[in-house]
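Below is one structure, written out as structure tokens, with a few remarks after it.
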2 protein chains.
Amino acid sequence: MKLSQATDYAFRAILYLARQGVGEKVDAQTISEAEVIPKRFLLKIFRKLVQAGVVESYRGKYGGYALAVDPAKITLKDIVEIVEGKITVNRCLIDPDECNKRATNRCKIHNALAEIQQEVNQKLAEYNFAQFLD
Amino acid sequence: MKLSQATDYAFRAILYLARQGVGEKVDAQTISEAEVIPKRFLLKIFRKLVQAGVVESYRGKYGGYALAVDPAKITLKDIVEIVEGKITVNRCLIDPDECNKRATNRCKIHNALAEIQQEVNQKLAEYNFAQFLD
DNA sequence: TTTAAAGTCTACTAAAACAGTATACAAACA
DNA sequence: TGTTTGTATACTGTTTTAGTAGACTTTAAA
């Protein structure tokens, strides 16, 4: 029941770019040093963020990354889902075949977990990166 | 960001015992079959529940397990914590040394995650096993 | 008082996930 | 045209998860 290290790194990388402003390019090396994130690992995380359209990348000399979206429009939930996929508190909640009792909808515990999962998603969606800028 | 299979099994085992009533003994084999849980694995989970005092065990022939506590007093949070320990949404929230920026208390993101963590704990604590008895 | 059926304790193992690295490649600017 | 940047793919070591195994202990009934 925890977020991965990669997600935590992504939070910090996005916040770093948000502080520079939308469209302001910074190279991975600089962010890696400032935020104490292994560079190759950070590059890997950035590829997901680029693919998702949250960040844009610039290749070649003087390349780097810049925020593509207003920080106020980027939530913690967005980043979590980009990096590690949708949150699933219990495996039964994704795929009924994962419930070895095949009782997903009849099981009150699973209904409770579904509610908790929704609550977590909602909470994560309440925080956007504009709020984290000092 | 999900609960382990062991926790899910524990939920179902506790619910099974709750349906029998406090003090009503059932052997692991029966529960294993009814809830489709590997028996040896279930035995291992039960040891934690026994140690925590939620369940009492009876050894020897005609032994088994029985709920030791009123189901209304057992919450989802209790079981999660017994089986997999306290929930920590982000590793920084347990140990500041885990934050490679050493910024746990100054970091607004981590403060947000701390709030979400508390929310999850509170939600889990709102559900008790009496509520799940039809 | 023996024996069979229960749980206990410790250790082991296979598979998946996590965290990070490496190597080769492509683009861009100077 | 060469150096600096990101891209793509694949590899690797460690930890966690999920489950299994074997030897042992307890208990009740025959």
Side-chain angles (χ1 to χ4, degrees), chain A residues 1-13 17 25-33 35-52 54-66 68 80 83-92 94 98-100, chain B residues 1-13 17 24-33 35-52 54-66 68 80 83-85 87-92 94 98-100:
Chain A
M1 200 61 179
K2 64 164 176 270
L3 298 169
S4 70
Q5 186 66 43
T7 300
D8 192 46
Y9 289 159
F11 287 159
R12 279 149 55 184
L17 291 179
K25 185 175 56 180
V26 185
D27 66 291
Q29 180 69 38
T30 302
I31 299 170
S32 162
E33 283 168 12
E35 296 295 330
V36 197
I37 301 171
K39 188 184 163 190
R40 312 291 309 245
F41 196 42
L42 178 60
L43 287 166
K44 199 153 98 173
I45 295 163
F46 263 130
R47 285 206 294 285
K48 290 185 182 181
L49 297 169
V50 169
Q51 262 202 310
V54 174
V55 166
E56 48 197 12
S57 68
Y58 300 90
R59 302 176 66 163
K61 205 169 183 179
Y62 304 102
Y65 298 94
V80 170
V83 177
E84 56 189 79
K86 281 190 183 294
I87 284 175
T88 47
V89 168
N90 190 292
R91 62 192 63 203
C92 299
I94 350 163
E98 289 289 343
C99 176
N100 49 11
Chain B
M1 201 62 179
K2 65 163 175 269
L3 298 169
S4 71
Q5 185 67 43
T7 299
D8 192 47
Y9 289 158
F11 286 158
R12 280 150 52 186
L17 291 179
E24 290 298 318
K25 187 175 53 176
V26 185
D27 66 292
Q29 181 69 38
T30 303
I31 300 171
S32 162
E33 284 167 12
E35 296 296 330
V36 197
I37 302 171
K39 187 185 165 191
R40 308 294 305 253
F41 195 42
L42 178 60
L43 287 167
K44 199 153 100 174
I45 295 164
F46 263 129
R47 286 205 295 283
K48 290 184 181 180
L49 297 169
V50 169
Q51 260 202 312
V54 174
V55 166
E56 47 197 12
S57 69
Y58 299 90
R59 301 178 64 166
K61 203 167 182 180
Y62 304 100
Y65 299 93
V80 170
V83 177
E84 56 189 79
I87 284 176
T88 48
V89 169
N90 190 292
R91 60 193 64 204
C92 298
I94 349 162
E98 290 288 345
C99 176
N100 50 9

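Each chain gets a letter, A, B and so on, in the order its sequence line appears, and its residues count up from 1.
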Kindly indicate whether the side chain of B:Arg59 and the base of C:dA6 share any N or O donor-acceptor pair separated by less than 3.5 Å? no
Which nucleotide wins on minimum distance to the side chain of B:Tyr62, given the candidates D:dA29, D:dT27, D:dG6? D:dA29
At their closest point, which heavy atom of B:Lys25 faces which heavy atom of B:Tyr58, and how far apart are they? CD-CD1, 3.5 Å
Measure CZ/A:Arg47 against C1'/C:dA27 and give the value in whole Å, please. 15 Å
Whole angstrom value for the distance that separates P of D:dT12 from NZ of A:Lys44: 14 Å
Closest approach to the side chain of B:Pro38, judged atom by atom: which nucleotide of C:dG20, D:dT20, C:dT8 is it? D:dT20
For A:Gly63, report the nucleic acid contact type (base, sugar-phosphate, nothing); a contact means any heavy atom under 4.0 Å. sugar-phosphate
Scanning both residues in full, the closest heavy-atom pair of A:Pro38 with A:Ser32 reads C-OG, 4.2 Å
For A:Thr88 and B:Lys2 the tightest heavy-atom approach is O-CB, 2.7 Å
Name the residue closer to the 5' end of DNA chain D, choosing between A:Val50 and A:Met1 according to the nucleotide with the nearest heavy atom. A:Val50
Between D:dG19, C:dA6, D:dT7, which nucleotide gets closest to the side-chain atoms of A:Tyr65? D:dT7
What integer distance in Å separates B:Leu43:CG from D:dG22:P? 15 Å
Take A:Leu3 and A:Val83, measure what side chain to side chain contact (heavy atoms under 4.5 Å, CB included) needs, and give me the verdict at the end. CA-CA 10 Å; A:Leu3 298 169; A:Val83 177; over 6 Å; no
Nearest to side-chain heavy atoms of B:Ser57, which nucleotide of D:dG19, C:dT8, C:dG20: C:dT8
Without decimals, in angstroms, what is the distance between A:Lys39 NZ and C:dT21 P? 12 Å
Length of the OH-P vector between A:Tyr58 and D:dT7, whole Å: 12 Å
Whole angstrom value for the distance that separates P of C:dT8 from CZ of B:Phe41: 16 Å
All heavy atoms of A:Val36 vs all of A:Tyr9, minimum pair found to be O-CE2, 4.4 Å
A:Arg40 CZ - D:dC11 C1' separation (whole Å): 12 Å
To the nearest angstrom, the CG-P distance between B:Leu3 and D:dT16 comes to 17 Å
